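One structure is given here, and the rest of the page talks about it.
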Amino acid sequence: MAQKPSIPKGTRDFTPQEMANRNYIFNTIKDVFRLYGFQQIETPAMENLSTLMGKYGDEGDKLLFKILNSGDFMSGLGDEELLGRNSVKLTNKISEKGLRYDLTVPFARFVVQNRDKIAFPFKRYQIQPVWRADRPQKGRYREFYQCDVDVVGSDSLLNELELIQIVDEVYRRLKINVVVKINNRKILSGIAEIIGEAEKITDITVAIDKMDKIGLEKVNEEIASKGISQEAIEKLQPILKLTGTNAEKLNQLKAVLADSEIGMKGISEMETIFAFCETMKVQTQIELDLTLARGLNYYTGAIFEVKALDVQIGSITGGGRYDNLTGVFGMDGVSGVGISFGADRIYDVLNQLNLYPETSVEQTQILFVSFGDRELMYALPWVNALRAKGINAEIYPEPAKMKKQMTYADNKRIPYVAIVGETEMNEQKVMLKDMKTGEQKLSTLEEVMNAF
RNA sequence: GUGGAUGUAGCUCAGUUGGUUAGAGCGUCGGAUUGUGGUUCCGAAGGUCGCGGGUUCGAGCCCCGUCUUCCACCCCA
């Protein structure tokens, strides 16, 4: 055999069965998005590197897939650049496009560029693949889909509420038990301020984000290694060990953060959001989790993360409020809040819990089986008539052996087969066979239609 | 980017301290059944054992390199 074909590391093919399952997820999510008034947009797979670079931190820049310039991209280079072996510098010369890393930054670009065409507040959703040159791992791919919903141009906390309601509704429909973890960057900033390490806020949040994984002690070690004083770490301890209901946690925090204006603002935001959720009777458990930080540092207010309760996997949805994302593209004062459903991880969760609905859609309802060219020509108008009625019908396109045609129907789980031969043609009928019961009966076109 | 495991038929996997012609199940194709599938029985096709080098009389098995996939770290959906 010739060399085996393969696909790039971290990418996947999807079979018809897998696509049916994935579409079930996408359609469920889309339905809920639309229910809340969000409209779909798409942006190109590739963006200018100037749009992408510097938006995700140094790590993110490294994980960008870059696209080589077209044409003779080496011709303009001097020997110095070539011999310098400086990847970063050289990359700037030979690549000016990259694959999108997420949907949020391209969306920000979209808003700035199309501001004349959008009415604010702008509620959009976007379901497209993104690419990261990460090393693949369990639940991590180099190409994966994100389903983003964002609303920009509104500071109202009602938007946060709606996003929580969307999460609530999507996972109810998918029958996945989840917990929504929620936190607020303002509270985290307040904490950093109170312990006197305001400028180290990023280091602190990255460290406490790992609380779940590595535990209190290691978190403290990591914070200490970032050059934060022992005294500050001491002050941090009661906050890291907060317990009780959401309201109780907030009350304890109020005492600690009383002198931090920004911290108190965050607390009051959280109180409002919790109150909204209570009024709207959100079913999903919502938990204030101060150890939730989320790496992306453009978040400025509420941050969310959704975890599946019955499966061990990373977060399946995440997002938050970012006050000035469009600022880097020269459009200030536009606040946004959004979340992203990780379709591929949801897919893994559904697989593990086997939660797909029985009725798989998009399948053929009837197959026409025939024995020769005359029979094929006889059957074609029947197929057409059934299709016109909205019945998924197909015809086995060549006069193969009957066994083979029946096996084909069986493999595709086609519930009905119409057999066409000499006798059927003479009577202007077909032999309609129910593949489940095995019963069959000479039927007219009308009788066939009535079977569905 | 760092560390660990892995790779044998289309798929899932056996393969003894290194020893002759590398096996099974599933799937595919053909037949039993010339117009009837899902069950059964019979048969066939299909492998440069990931790739490259080395050790050896002899390598699927041992050694080195490389790639793939998986796992952990980093980071993240």
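Here the structure is a predicted model, which is why all the values come from computation and not from measurement. Just so it is clear: chains get the letters A, B, ... in the order the sequence lines come, proteins before strands, and each one is counted from 1. Basis for what follows: all heavy atoms, side chains included, without hydrogens, waters or symmetry-related copies.
Take A:Q405 and apply the side-chain contact (heavy atoms from CB on, under 4.5 Å) test, not counting sequence neighbours, and it matches A:V369, A:Y396, A:A400. Residues passing the ring pair (Phe, Tyr, Trp, His ring centres under 6.0 Å) test with A:F329: none are found, sequence neighbours excluded.
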If you look only at distance, which donor and acceptor atoms sit under 3.5 Å apart when one is on a side chain in residues 439-446 of chain A and the other is two or more places apart or in another chain?
residue	atom	partner	partner atom	Å
A:S443	OG	A:K441	O	3.0
A:T444	OG1	A:E447	N	3.2
A:T444	OG1	A:E447	OE1	3.4

All N/O donor-acceptor pairs, side-chain side in residues 370-379 of chain A, below 3.5 Å, sequence neighbours left out:
residue	atom	partner	partner atom	Å
A:E375	OE1	A:G372	N	3.2
A:Y378	OH	A:K429	N	3.0
A:Y378	OH	A:K429	O	2.9

Mind listing the side-chain donor-acceptor pairs of residues 413-427 of chain A below 3.5 Å, one per line with the distance, residues two or more places apart or on another chain?
residue	atom	partner	partner atom	Å
A:E424	OE1	A:G421	N	3.0
A:N426	ND2	A:E422	O	3.4

Listed pairs under 3.5 Å, donor-acceptor, residues 32-46 of chain A side chains, sequence neighbours left out:
residue	atom	partner	partner atom	Å
A:R34	NH1	A:Y125	OH	3.2
A:R34	NH2	A:D31	OD1	3.3
A:T43	OG1	A:Q126	NE2	2.9

Could you give the side-chain donor-acceptor pairs of residues 138-147 of chain A under 3.5 Å, partners two or more places apart or in another chain?
residue	atom	partner	partner atom	Å
A:R140	NH2	A:D134	OD2	2.4
A:Y141	OH	A:D348	OD2	3.3
A:R142	NE	A:D134	O	2.7
A:R142	NH2	A:D134	O	3.3
A:E143	OE2	A:W131	NE1	3.0

* Under 3.5 Å for both distances, Watson-Crick or G-U wobble, that's the pair rule; now give the dot-bracket for RNA chain B, with | marking pairs to another strand and [ ] for crossing ones. => (((((.(..((((.....[...)))).(((((.......))))).....(((((..]....)))))).)))))....

Hey, what are the protein-to-nucleotides 72-74 of chain B N/O distances that come in under 3.5 Å?
residue	atom	partner	partner atom	Å
B:rA72	OP2	A:Q137	OE1	3.2
B:rC74	N4	A:Q137	NE2	3.4
B:rC74	N4	A:R140	NH1	2.6

Distances for protein N/O vs nucleotides 32-34 of chain B N/O pairs under 3.5 angstrom?
none

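A ring pair (Phe, Tyr, Trp, His ring centres under 6.0 Å) check over residues 149-176 of chain A, counting only residues at least two apart or in different chains, returns the pairs A:Y171-A:F341.
Across B:rG30, B:rG37, B:rA77, the shortest atom-to-atom separation from the side chain of A:K401 is found for B:rG30.
RNA chain B lies under 4.0 Å from no heavy atom of any residue of residues 31-44 of chain A.
Nearest-nucleotide mapping onto RNA chain B: of A:G60 and A:M435, the residue sitting toward the 5' end is A:M435.
A donor-acceptor pair shorter than 3.5 Å can be found between the side chains of A:S154 and A:N159. Side-chain contact check for A:D289 and A:N183: no donor-acceptor pair (N or O, by modelled atom type) lies under 3.5 Å.
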